[in-house]
Engineer: 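To start, I am sharing the structure in question, which I have written as structure tokens.
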There are 2 protein chains.
Amino acid sequence: MALEHAILVSLLEKPGSGYELARRFERSIGYFWTATHQQIYRVLKRMEADGRLDVREVPQQGRPDKKEYSVAALGRTALSQWLHEPIEPESVRHDLAVKIRGAAFDDPAALIREVERHHRAHTDRLAHYLAGELRDFTGAGAPATPDAGRELQHVVLRGGIAYERMTLAWLDDVLATLHRIRSER
Amino acid sequence: MALEHAILVSLLEKPGSGYELARRFERSIGYFWTATHQQIYRVLKRMEADGRLDVREVPQQGRPDKKEYSVAALGRTALSQWLHEPIEPESVRHDLAVKIRGAAFDDPAALIREVERHHRAHTDRLAHYLAGELRDFTGAGAPATPDAGRELQHVVLRGGIAYERMTLAWLDDVLATLHRIRSER
DNA sequence: CTTGTATATGAAACGAGTTGCATAGCAGGA
DNA sequence: TCCTGCTATGCAACTCGTTTCATATACAAG
């Protein structure tokens, strides 16, 4: 269960509430992990009960109070232990690939619209990643000599960028194949 | 729930038993979807109860009898319906990326061995995909004018190949970054 | 003063996926 | 004869993830 560890890493980078974590999971952490607020609240509660996190009630003005979580000593050792365990190279799960192979038994033309929709979504995501890279790592406001943490964040983001570029090229390939099949009928 | 649909596609391509499906999910279908035999047997039973699959007891010699499943009319319409529904572009989940960002709070040297292990695993997977491509699509035994089904299988496999190549390039980037960080300490 | 939006947290139910265990036929080798 | 290994199917328990619903504060727009 890496959600627990993703939360530990995120809270080590900066303590925060469940709500804030949920938003990070839509942004930077979301480059490589997704989670809904329900999942996050549930896990936070459990981790706090297990003594891996500390909580602090933070009164706020102009908005509801929040609970700020930070990593306890037990959490740090749990993360460290996990970091030293080998993990399996992840296996893929692409709904779209199932659909593509399924198109052999259906109308390929319907799939073209779907693939184009995915193409647009990945184009948007790539633009979003590139904007983030410019803002945080390669732009004018970024530090000239980044520390190890920022270097590591950057290389993960570069992975997301590479993934989106690869995906877009592949979707072009898929579209060309679908058009070829359609014209051959 | 795309496992159901992945099974429908696979059984349309060729009917087979739960055991055979489990092995396809380790091979060609495994390029883009994974499932264990327990999952498969459970879903097969449910789909048969729902009338989406037909079963046929096949006596065998030299080995235990098997149940051969094939797609019923209800299964075909269920697949067709799903193919026409839009799906969300999949979001990524990379345990390794969590580890990489976590390395900022731990020993980066330990991560280098892990990343090298993943690099080897992806190298093997790429070689496996390329061998499959040569055997089924680009080699001497492959048909010169493939039908739509084979074209689609091929473009999915090309996606797997592109993914592995991208991943290997990224892992090289990660390793270079980790070495740079280590030498700077 | 109602409606909409953003912040903030949570329960409950369900569906999907993993892990461990159990059973059984049949073949080949020590 | 026993052990190993491949084929073949399945149950049970558990964890993880998704969906739906519910609650509450606060501010801004109409």
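Side chains are part of it too, since the values below use all heavy atoms of this structure and drop only hydrogens, waters and symmetry mates. Letters A, B, ... are given to chains in the order of the sequence lines, protein chains preceding strands, and every chain is numbered from 1.
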Engineer: Using only modelled atom types and a 3.5 angstrom limit, is any donor from either the side chain of B:Arg93 or the base of D:dG17 paired with an acceptor on the other?
Structural biologist: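 Absent.
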Engineer: For the pair made of CH2 in B:Trp33 and P in C:dT18, what is the distance, rounded to whole Å?
Structural biologist: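 One finds 10 Å between P of C:dT18 and CH2 of B:Trp33, rounded.
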Engineer: Expressed as a whole number of angstroms, how long is the span from A:Arg23:CZ to C:dT5:P?
Structural biologist: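 Going from CZ in A:Arg23 over to P in C:dT5 covers 17 Å.
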Engineer: Say whether B:Asp107 and A:His84, considering side chains only, have a donor N or O and an acceptor N or O under 3.5 Å apart.
Structural biologist: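 No, no side-chain donor-acceptor contact under 3.5 Å.
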Engineer: Specify the separation, in whole Å, of atom NE2 of A:His37 and atom C1' of D:dG17.
Structural biologist: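 Checked: the NE2 to C1' distance equals 13 Å.
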Engineer: So, are A:Arg24 and A:Glu13 salt-bridged, with charged N and O less than 4.0 Å apart?
Structural biologist: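 Looking at A:Arg24 and A:Glu13, the cut-off is not met.
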Engineer: For B:Ile40 and D:dC11, what is the distance between atoms CD1 and C1' respectively, to the nearest whole Å?
Structural biologist: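 To the nearest whole Å, that distance equals 17 Å.
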Engineer: For A:Leu44 and C:dA8, what is the distance between atoms CG and P respectively, to the nearest whole Å?
Structural biologist: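 To the nearest whole Å, that distance equals 14 Å.
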Engineer: Of the nucleotides D:dG17, D:dT9, D:dT25, which one has an atom closest to the side chain of B:Lys66?
Structural biologist: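 Given the options D:dG17, D:dT9, D:dT25, the side chain of B:Lys66 is closest to D:dT9.
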Engineer: Side chain of B:Tyr41, heavy atoms from C-beta onward: which of C:dA8, D:dA8, C:dT7 has the nearest atom to it?
Structural biologist: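 Of C:dA8, D:dA8, C:dT7, D:dA8 is nearest to the side chain of B:Tyr41.
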Engineer: Select from B:Arg46 and B:Gln38 the residue whose nearest nucleotide in DNA chain C is closer to the 5' end of that strand.
Structural biologist: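 Its nearest nucleotide being more 5', the pick is B:Arg46.
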Engineer: Output the rounded distance in Å from CG (A:Leu3) to C1' (C:dA16).
Structural biologist: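 These atoms are roughly 16 Å apart.
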Engineer: Counting heavy atoms from C-beta on, name the nucleotide in D:dT9, C:dG10, D:dT19 closest to the side chain of A:Lys45.
Structural biologist: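 Nearest listed nucleotide: C:dG10.
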Engineer: Do the side chain of A:Arg63 and the base of C:dT5 come within less than 3.5 angstrom through a donor-acceptor pair of N or O atoms?
Structural biologist: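 Under the 3.5 Å cut-off, the side chain and the base do not form any donor-acceptor pair.
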Engineer: Rounded to the nearest Å, what distance is computed from the CD atom of residue B:Gln61 to the P atom of nucleotide D:dT7?
Structural biologist: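 In whole Å, D:dT7 P and B:Gln61 CD are 17 Å from each other.
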Engineer: In whole angstrom, what separates B:Arg42's CZ from D:dA8's P?
Structural biologist: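 My rounded result for the distance is 22 Å.
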Engineer: Test A:Asp54 against A:Ser70 for side chain to side chain donor-acceptor pair (under 3.5 Å), laying out the working first.
Structural biologist: CA-CA 5 Å; A:Asp54 293 323; A:Ser70 52; 4.6 Å; no
Engineer: Nearest to the side chain of B:Pro64, which nucleotide is it out of D:dA12, D:dA8, C:dT7?
Structural biologist: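 Among D:dA12, D:dA8, C:dT7, the one nearest the side chain of B:Pro64 is D:dA8.
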Engineer: Do A:Glu164 side-chain atoms and A:Thr123 backbone N/O form a donor-acceptor pair below 3.5 Å?
Structural biologist: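 Checking the backbone N and O of A:Thr123 against the side chain of A:Glu164, no donor-acceptor pair under 3.5 Å is found.
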Engineer: Looking at A:Leu96 and B:Glu90, what are the two nearest heavy atoms and their distance?
Structural biologist: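 Taking every non-hydrogen atom into account, N-OE1, 4.1 Å.
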Engineer: Ignoring the backbone of A:Lys67, work out which of C:dT18, D:dA8, C:dT9 is nearest its side chain.
Structural biologist: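 So the side chain of A:Lys67 is nearest to C:dT9.
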